[in-house]
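In what follows, every chain begins at residue 1, and chains take the letters A, B, ... in the order their sequences are listed.
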Amino acid sequence: MSEAHIPPYEPQAIEPKWQRIWEERRQNEIGEDPARPKFYLLEMLPYASGDLHVGHARNYTLGDVVGRFRRMRGANVMHPMGFDAFGLPAEAAAIQHGTHPQDWTESNIANMIRQLRRLGVAYDWTRVIDTSAPEYYRWTQWLFLLMYRRGLAYKKEAPVNWCPKDQTILANEQAEGGVCWRCGTRVEQRLVNQWFFRTTDYADRLLEGLDRLPGWPERIKTMQRNWIGRSEGVTFSFEIPGATETISTFTTRLDTVYGVTFIAIAIDHPLLEQLIAGKPEEAKVREFIAGVADKTELERTQMEKLGVFSGAHAKHPLTGERVPIWVTNYVISSYGTGAVMGVPAHDERDFDFARKHRLDIATVVTPPGDPGFVVHDAPYIDDGVLVNSAEFDGLTSEQARSTIAEELIERGIGETTVNYKLRDWLISRQRYWGAPIPFVNCPNDGLVPVPEDQLPVLLPYDAPFTGAQGSPLDNVPSFVNTTCPQCGGPAKRETDTMDTFMCSSWYFLRYLNAHDDKAPWEQEAAWYWAPVDHYIGGAEHAVMHLMYARFFYKVLNDAGMVPKDEPFTRLFNQGFVLGENHEKMSKSRGNVIGIDETADRYGVDALRLFEMSAGPPGTDYPWSTTGIAGATRALNRIWRLTLRHAEALRRPPKAGAASSNGSADAELRYGVHSKIKQVTEEIGDRMHMNTCVSAIMTLLNDLEAYAASHDDASASPAFVEGLRTLLLILAPFAPHIAEELWERMGQVRSIHLEAWPAYDEAALSRTVIPFVIQVNGKHRGTIEAAPGSSEDAVFEKARAVATVNAQLDGKTIRKRIFVPDRLLNIVVG
RNA sequence: GCCCAGGUGGCGGAAUUGGUAGACGCGCUAGUUUGAGGGGCUAGUCGGGUAAAACCGGUGCAGGUUCGAUUCCUGUCCUGGGCACCA
């Protein structure tokens with residue numbers, strides 16, 4: 001085809017065209033196929049917020065490149081998409097704009113599906129899920145009952161943020177800074193009976209499982225380990241003279257026990273009342289507690305360490321000394337025993353507290369080699385050697401910890417204990433827009449689970465969303481009033497809904513049988529597809545979502561419903577697209593670049609190509625308007641180059657694309673096959689797509705240069721092979737233009753169902769290769785020689801190079817360092 | 001404060017095992033095609049130096065190991081992220 005007859009590249013025409021054709025051919029719909037290796041690829045479930053920007057496009061394109069690549073490499077690729085649709089923003093929108101959360105969510109999802117289709121990602125849309133649809137949350141409820149049956153769901157009193165003015169419960173993020181987000185009133189802590197899952201039962205398994213996840217980023221695993229916060233120590237008791245009860249404390253530093261100069265207890269410690277009753281300090285303690293009580297735990301942690309003497313003393317179990325008991329704001333009741341042995345000399349917090357209240361500081365651990373050491377201006381918190389510790393003097397900290405523990409255990413006043421920072425998962429939300437918890441409260445039978453055949457417990461459409469008066473469901477009599485499944489008498493439904501993290505803890509299994517109404521998923525499908533091979537998502541979900549999903553999966557594994565016991569084999573955290581001003585992309589900063597406006601202007605292939613080229617997938621980079629224009633330019637060049645030779649390409653490739661045009665063809669083939677090798681290894685391993693795009697560009701440059709210098713380029717098998725290769729490796733990145741050009745060069749089968757090109761080792765070996773010549777380590781020239789050339793041969797060629805010879809002139813050669821096929825360094829003096 | 005990741009041209013970034021630093025792209029400059037449009041093509045583009053070369057310097061900073069260091073080691077500064085009374 002002559003230059004003049006080449007039609008213009010019009011992405012706005014070809015992109016929708018191919019999307020329609022792929023859909024008609026149902027090309028992206030998949031099923032189980034034992035003959036092929038499976039590959040389960042997933043991006044984290046997006047929240048149904050309504051509008052996608054180029055940051056989302058980057059994320060989903062990354063997945064699509066991996067998916068299309070794997071498919072061309074022969075895998076059966078599961079790559080589904082869905083929406084996290086329950087949650088607070090929908091309810092907030094309802095309160096603010098008067099739209100119903102369901103309507104708001106549905107229109108958002110419709111828009112997002114439209115945008116995702118437009119991106120050309122090869123999702124199997126027959127499997128799409130919406131976590132707020134009854135056909136989905138029915139199974140979320142079913143899984144809640146499974147948790148209950150397995151003894152992992154229970155109800156207990158727990159504090160919530162309560163706004164006294166709005167008369168409502170607030171989520172933590174709505175109570176930031178301790179004030180209500182809507183009216184600014186001081187938030188109170190209120191005790192409410194709520195549902196929990198026993199995640200702590202799985203603490204050790206969640207911890208241990210991390211060691212078997214080599215495909216996870218180390219930093220995410222570290223964050224999870226810290227979150228679980230396992231610590232081994234000893235729990236032991238202090239007697240209180242005159243009282244029957246003892247005060248129990250937990251410590252990991254039993255080696256410092258002889259340094260105890262006070263006991264610190266939380267303001268809500270169970271023994272507190274008993275301790276202060278009738279003492280002169282009672283009034284002061286109550287005043288102190290009143291001042292601390294209305295602060296949230298978070299606020300307390302930011303305050304100065306305060307406390308008052310309770311008036312009571314405890315007896316040190318080893319020394320028998322009297323130790324004052326202080327009521328403090330820095331000891332929390334929800335960890336350990338709510339009481340701490342105060343060792344100012346060897347603990348930072350105790351040191352601060354003791355300083356402020358002029359308590360004794362007793363040094364009992366000294367740095368190695370400094371037995372006379374005494375703590376003055378700062379605590380000594382490292383391990384060391386014991387002093388002033390009776391018969392334990394001279395032991396190292398490590399020895400002392402076990403020896404003293406044995407002593408306490410023998411005397412029956414202590415035991416080894418493991419504590420976790422991880423708490424049980426609070427599932428209850430006093431909200432409307434969530435999956436109802438499937439239980440009823442019966443005056444006769446108490447808390448009764450809704451039978452499975454009565455699921456789902458439907459969320460009523462009509463409910464008041466004023467944002468006040470507690471949960472909206474409390475005010476829907478038709479929902480609340482029901483009958484007891486056991487006795488048939490009148491009963492009331494639970495009005496709490498579930499934390500949305502529950503919906504997203506199992507969704508990746510629902511994709512396997514997204515519309516099954518007999519089970520959440522089929523065993524057969526789970527054993528074929530699970531676990532997820534490759535999970536892509538933001539690092540902001542490092543602990544919450546990823547911990548909950550792991551917990552769920554382990555429970556399901558125990559229940560025999562899934563294979564293996566970790567849900568995500570490889571985890572990849574993608575980076576963000578920043579605004580063109582290098583700031584985080586956000587509506588308030590006004591730097592959001594939308595998918596629609598970008599696709600209208602440049603086409604999605606250009607968007608995809610640019611986003612993959614701009615940087616490695618794990619790091620942030622800024623958007624660039626000129627950058628995407630460059631991607632369009634590149635696609636235009638590919639368009640013109642291919643169509644200029646389309647006629648020739650329609651002819652079948654000549655057998656054995658061997659060199660027919662001497663060294664130019666060999667060089668071209670070298671370029672083609674080294675790019676195949678590079679791209680294949682990159683996508684499969686590091687996923688540094690930016691270097692793949694760069695390889696594609698280089699290949700394009702090579703082919704253009706070849707075409708420019710050979711009138712009959714399309715007669716060369718090497719050139720034809722190069723063009724085909726260009727399209728094949730471009731296909732995962734820019735699927736529409738690759739498909740269009742593939743068709744225009746006479747192919748009938750979709751390029752996305754073609755086999756990924758294999759590289760030819762023979763093409764990668766060359767007759768001459770460059771050798772770097774250094775003198776004293778400095779680059780002084782390059783020579784060309786055959787691979788396998790001897791050191792002497794290279795040396796002889798090197799000294800003929802003027803810039804090398806000039807450096808050798810008049811000097812003695814002391815040494816030569818020769819790296820075969822690479823480099824010769826001549827050391828002179 | 002503690003832990004982790006990262007500092008390379010005007011910009012995004014390459015250099016995967018120590019071996020030509022700056023691939024590829026953007027931007028910019030000059031030329032060209034010109035009926036203009038964020039058009040096409042050619043050449044150049046780390047700094048100094050030169051007619052062009054040669055040559056000198058250069059990967060946050062200061063040292064070290066090595067024939068040779070963006071890469072390894074020590075110290076230090078800066079940026080980003082996570083954790084932060086968990087006893």
### Message
Generate the contact string for nucleotides 39-49 of chain B. Rules: B means base contact, S means sugar-phosphate contact only, - means no protein heavy atom under 4.0 Å.
### Response
-SS--------
### Query
In whole Å, what is the span from the OH atom of Y335(A) to the P atom of A87(B)?
4 Å
#### Entry: Residue whose nearest RNA chain B nucleotide is more 5′ - A629(A) or F250(A)
A629(A)
### Task
Consider only side-chain N and O atoms of D352(A) and Y330(A), and report whether a donor and an acceptor are under 3.5 Å apart.
no
## Note on the structure
Whole-Å distance, E682(A) CD to C24(B) P, equals 16 Å
#### Entry: Base-pair map of RNA chain B as dot-bracket, where | denotes pairing with a different strand and pairs are Watson-Crick or G-U under 3.5 Å
(((((((..(((......[....)))(((((((.....)))))))(((......)))..(((((..]....))))))))))))....
### Contacts of R780(A) that satisfy side-chain hydrogen bond (donor to acceptor under 3.5 Å, both in side chains) - sequence neighbours left out
none
### Query
Given atom CE of M544(A) and atom C1' of C83(B), what is their separation to the nearest angstrom?
15 Å
### Task
Using atom CD of E540(A) as one end and atom P of G80(B) as the other, report the distance to the nearest whole Å.
18 Å
### Query
Please give, in whole Å, the distance from U16(B) C1' to D685(A) CG?
9 Å
### Task
Could you check if the base of G37(B) is syn or anti? Syn means the glycosidic torsion is within 90 degrees of 0.
anti
### Query
For T725(A) and Y759(A), does a side-chain donor sit closer than 3.5 Å to a side-chain acceptor?
no
### Message
For RNA chain B, which residues of residues 597-607 of chain A approach it to below 4.0 angstrom with any heavy atom?
### Response
R601(A), Y602(A)
### Summary of protein contacts for nucleotides 65-70 of chain B, nucleotide by nucleotide, where a base hit scores B, a sugar-phosphate-only hit scores S (4.0 Å, heavy atoms)
--BS--
### Summary
The answer to which of T251(A) and P616(A) contacts RNA chain B further toward the 5' end, by nearest nucleotide, is P616(A)
#### Entry: Separation between the P atoms of A15(B) and G6(B), rounded to whole Å
13 Å
### Task
Determine the interatomic distance between P on U8(B) and the same-named atom on U70(B); round to the nearest Å.
15 Å
### Task
Quickly work out the Q574(A) CD to G81(B) P distance and round it to whole Å.
16 Å
### Rounded distance (Å) that lies between atom C1' of C85(B) and atom CD1 of I381(A)
13 Å
### Query
I220(A) has an atom CD1; how far is it from atom P of G81(B), in whole Å?
15 Å
### Query
Of the residues in residues 686-702 of chain A, which ones touch RNA chain B at a heavy-atom distance under 4.0 Å?
R686(A), N690(A), T691(A), S694(A), M697(A), T698(A), N701(A)
